[in-house]
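Remarks on the structure that follows.
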Amino acid sequence: MNLLEISNLSVEYYKNKKAVRALKNLSLKIESGESLAVVGESGCGKSTLASSVMGLIMPHEGKITSGRIIFDGMDIFSFSREEWRALRGKKAGIVFQDPFSSLNPVIPVGAQIEDAVRAHNPELSGKALREKAMESLAEVLLEGERIYNSFPHQLSGGQRQRAAIAAAIANAPRLLIADEPTTSLDVTIQKEVLDLFDKLKAELGLTLMLVTHNIPVAAQRCGKIAVMYAGELIEYGLKEDIIKNPKHPYTLALIASVPRLRDKGAKHISLAGQPPDLSVNITGCSFAPRCPRVMDICKKTAPPVTEGGNYSVRCFLYGDDKN
Amino acid sequence: MANYLIKRLLYTIPMLIGITLITFAIMHIVPGKPTDFMSDMNARVSADSKIKLARLYGLDKPWYEQYWNWLKRFGKLDFGNSFKDGRPSIKKIAERLPASLLLNILSLTFIFCAAVPIGIYSAVRRNSLFDKAMTVFVFAGFSVPAFWLALLLMILFGLKLGLLPISGLHSLDYSDMGFFSRVLDTSKHLILPVVISAFTGLAGLSRYARSSMLDVLKQDYIKTAYSLGLPENKIIFYYAAKNALLPIITILGLSLPALIGGGFIFETIFAYPGMGRLGYEAVMARDYPVVMAVGSIAALLTLLGNLIADLTYAWADPRIRYRNR
């Protein structure tokens, strides 16, 4: 069963009075219990996707121009303010990239988690609230008592990110979105936090949407991978298919650009050029200017999506006639 | 903490000396002597008695020696007697201080109680009709001179409508009044001065609260609070406001000296018996002891205000509170 079904989602941001099309007709689904990695370069719209699901595109930042998101059978764009509040934190949680700015600096960590619990359990008393918050801290492997009364600045980056995760899972949501959760952490801490996601997934039955720019992390931690470029989904499939048999030239380049320790030498390729300016309308394929296998048609017409089972790719190379 | 406090208090000493030295020097550079009013206006005063008079007040010595003498007396908290009427400067200040405090505490309270909610509401409902109306109000508050506004309101409420008294702090028959009539009489006298002195301050501070709140509302932790499903009221009035109000504390500390200061133009217009007019009159009469007393008390309060602001800030912001543990 699909927990999340995103169809034809388009989002625009306002930047210097220009509309930046951060997401263009994006469709994606996540099955209950699975883990999906959304990968792509920075600025490709993967964080926007995460924010859209949580209804966190702030009115002053931008707006959703079209599309639908069905979460657990409910059309979330028809939600009232109260229905949104009931979804956030309770049914879906999100962990942000920077643990240094995602926790309130003037409120003790424990109180912040308690507030998250209280928001969805108004009937709980002070003691029960504290207990639930403590459980949550234990779940993310933080020693409760000390962390509870600490302010965010008294914790290390890894501890802060764990505390943020504790707040996000305090009400046992079904979906957890992790938006670049390890990008601003030390490498050793990164592994710990990612291991924590694995543990939570196993213990709480979470459905995980991991947004990352790091393909190896995606391949290690997730069953499926969605590759985004310039606000579009360009390739989607099981991890094995994407990593071992990438079809889209961009995915190919992305995988080839990962530096490897073993084969020293000039094998790794870096992709020339920059992602396109999203405030300009693009005709044809948005990757065409950087694509090593570009054809004439790519510059004129938007490429078709070829789908089959758990796989899809948006490229002329794999159109019906050639597949 | 105690170390910090002692250090800060010790720092105020050189500052205070610097401030009083400059005040003293400026007063002596300005043309005219305190004795001029007694001697120059009188044709019968001989050159000889002028010198005697100057010697009597110690004005014949070089200014730095005079300053040193003043400083020695200041160390004993002796501010000397007024050259004008021979009464102790400190007594003259004590007469004026309560009126100044009353007016300024009322106006400052009014400013903070109104500016903070206005600022928060403007930020939350940005670009709403209310926010735009407040922008116009702020513009007016910054551009309209207080004395001009004072005159207009005095004409309207004092002369045309006859609702409010336009000068002083008490009516002539104040001493014959009962307690409640006295309170009512004083309140009526205070309305115009408080409203007008609050007007400009309100404009600035509400703008400040608004921009501080806007800044906070853009922070990641506010997004986190929304993502956890917290009620919007809690997010705005607790998660956001607690952060947004921190810088306001500093401003509050910096406005403490204004508690005794007050503008002399303003006080002159309202014939208000405050410190501003006392200081102005003392400067005009070259009444050195009173000028120095007013100046050093104002300086002391400013330094104290800064200290209180820093301490309050440290108390309110855990990032500073726990830094040295």
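Only a predicted model underlies this, so the values are computations on that prediction, with no experimental measurement involved. Labels below follow one simple rule: chain letters A, B, ... track the order of the sequence lines, proteins then strands, and each chain is numbered from 1.
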Quiz item: Where does L217(B) contact chain A at under 4.5 Å (heavy atoms): side chain, backbone, both or neither?
Solution: neither
Practice problem: Compute both the distance and the angle, then confirm whether R130(A) meets the cation-pi test with Y148(A): under 6.0 Å from the six-membered ring centre, within 45 degrees of the axis. | Solution: yes
Quiz item: Do you know the tightest heavy-atom contact between S52(A) and V11(A)?
Solution: OG-CG2, 3.7 Å
Quiz item: If you take all heavy atoms of V211(A) and P181(A), which pair is closest and at what distance?
Solution: O-CD, 3.8 Å
Quiz prompt | Top of P105(A), A116(A), P59(A), G89(A) for chain B proximity - count of heavy-atom pairs under 4.5 angstrom | solution = P105(A)
Exercise. Would you mind checking which part of Q112(A) comes under 4.5 Å of any heavy atom in chain B, side chain (CB onward), backbone (N, CA, C, O), both or neither?
Key: both
Quiz item: Is it the side chain or the backbone of L56(A) that comes within 4.5 Å of chain B heavy atoms, both, or neither?
Solution: both
Quiz prompt | Salt bridge E61(A)-K223(B), side-chain N to carboxylate O under 4.0 Å | solution = yes
Quiz item: Highest number of heavy-atom pairs under 4.5 Å with chain A: which of K218(B), Q219(B), E232(B)?
Solution: E232(B)
Quiz item: Can the ring centroids of F137(B) and F199(B) be said to lie less than 6.0 angstrom from one another?
Solution: yes
